[in-house]
Amino acid sequence: MQALSLPVIGWLYTLVCGAALLVGAHIVVGLHLQGEEARSHLARSVLEDFLLFGIWILGFAGGIGVLLLKPWSRPLLEFFCWVLAVMTLFSAFLRLRQALRGEHRVTLVLSVALFATSIVALCGATIYTLRSPDAVRALAQY
């Protein structure tokens with residue numbers, strides 16, 4: 001069963017992180033072409049954007065490493081999952097604080113909770129799978 005789950009994890013993180021990097025690059029280029037005000041906003045958020053791109057690159061590299069059964073992919077992808085889970089929970093907390101002040105509280109709270117729970121569960125399942133004896137053995141062979 002483990003032989004099937006590692007390729008699924010590898011492809012999932014490679015495709016999702018690759019898509020996130022492409023969308024992020026598209027947004028940055030689009031903002032750069034918007035005008036001076038948008039470019040000044042980009043200049044103010046360059047550190048945050050750099051860190052986000054770096055985090056998504058870690059997930060992308062970890063996914064490719066799992067596909068290639070590289071030993072370094074396990075800690076890299078696990079680190080990415082921990083960071084993504086913490087960032088998701090922090091973002092959900094901020095959005096829930098905002099939601100409690102506005103209209104449609106229940107719907108917004110449920111949607112944020114469902115989204116955050118899904119991401120954190122996926123990260124937890126990935127970490128659990130990567131720490132399994134079969135995955136450790138498969139990723140340590142090469």
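- Under the side chain to side chain donor-acceptor pair (under 3.5 Å) criterion, Ser73 pairs with no residue at all, not counting sequence neighbours.
- Considering CG of Leu6 and CG of Leu67, their distance stands at 9.5 Å, rounded to 0.5 Å.
- With sequence neighbours excluded, the residues satisfying side chain to side chain donor-acceptor pair (under 3.5 Å) with Ser45 are Asp49.
- Following chains of ILVMFWY side-chain contacts shorter than 4.5 Å, one cannot reach Val120 starting from Leu58, and the two form parts of different hydrophobic clusters.
- By the rule that hydrophobic residues join a cluster once side-chain heavy atoms approach within less than 4.5 Å of another member, Val109 and Phe93 end up as members of separate clusters.
- A distance of 11.0 Å separates CG of Leu76 from CD1 of Ile57, quoted to the nearest 0.5 Å.
- The two residues Ala92 and Ala116 make their nearest non-hydrogen contact at CB-CB, 3.7 Å.
- Leu122 pairs in a side-chain contact (heavy atoms from CB on, under 4.5 Å) with only one of the listed residues (Ile9, Leu12, Val16), which is Leu12.
- The CG atom of Leu89 lies 11.0 Å from the CG atom of Leu94; values are rounded to the nearest 0.5 Å.
- With a 4.5 Å cut-off on side-chain heavy atoms, His26 and Leu22 do not count as touching.
- Atom SG in Cys81 sits 6.5 Å away from atom CG in Leu130 (nearest 0.5 Å).
- Taking every heavy atom of both residues into account, Phe53 and Ala25 meet most closely at CZ-N, 3.5 Å.
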Indicate every side-chain donor-acceptor pair of residues 30-39 with a distance under 3.5 Å to a residue at least two apart or in another chain.
| residue | atom | partner | partner atom | Å |
| --- | --- | --- | --- | --- |
| Arg39 | NH1 | His32 | O | 2.7 |

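- At least one side-chain heavy atom of Phe80 sits under 4.5 Å from a side-chain heavy atom of Tyr13.
- Cluster annotation: Met87 and Leu21 are assigned to the same hydrophobic cluster (Ile/Leu/Val/Met/Phe/Trp/Tyr, side-chain heavy-atom contacts under 4.5 Å, transitive).
- Between Ile64 and Lys70 the shortest side-chain heavy-atom distance does not fall below 4.5 Å.
- Atom CZ in Arg95 sits 11.0 Å away from atom OG1 in Thr88 (nearest 0.5 Å).
- Residue Trp82 qualifies as open at atom CH2: its count of foreign heavy atoms under 6.0 Å is 12 or below.
- To the nearest 0.5 Å, the span separating CG on Leu51 from CH2 on Trp56 amounts to 14.0 Å.
- Taken together through direct or relayed side-chain contacts under 4.5 Å among Ile, Leu, Val, Met, Phe, Trp and Tyr, Ile27 and Ile55 form part of one hydrophobic cluster.
- Taken together through direct or relayed side-chain contacts under 4.5 Å among Ile, Leu, Val, Met, Phe, Trp and Tyr, Ile127 and Val8 form parts of separate hydrophobic clusters.
- Contact annotation: the side chain of Phe79 approaches that of Val83 to within less than 4.5 Å [non-hydrogen atoms, C-beta and beyond].
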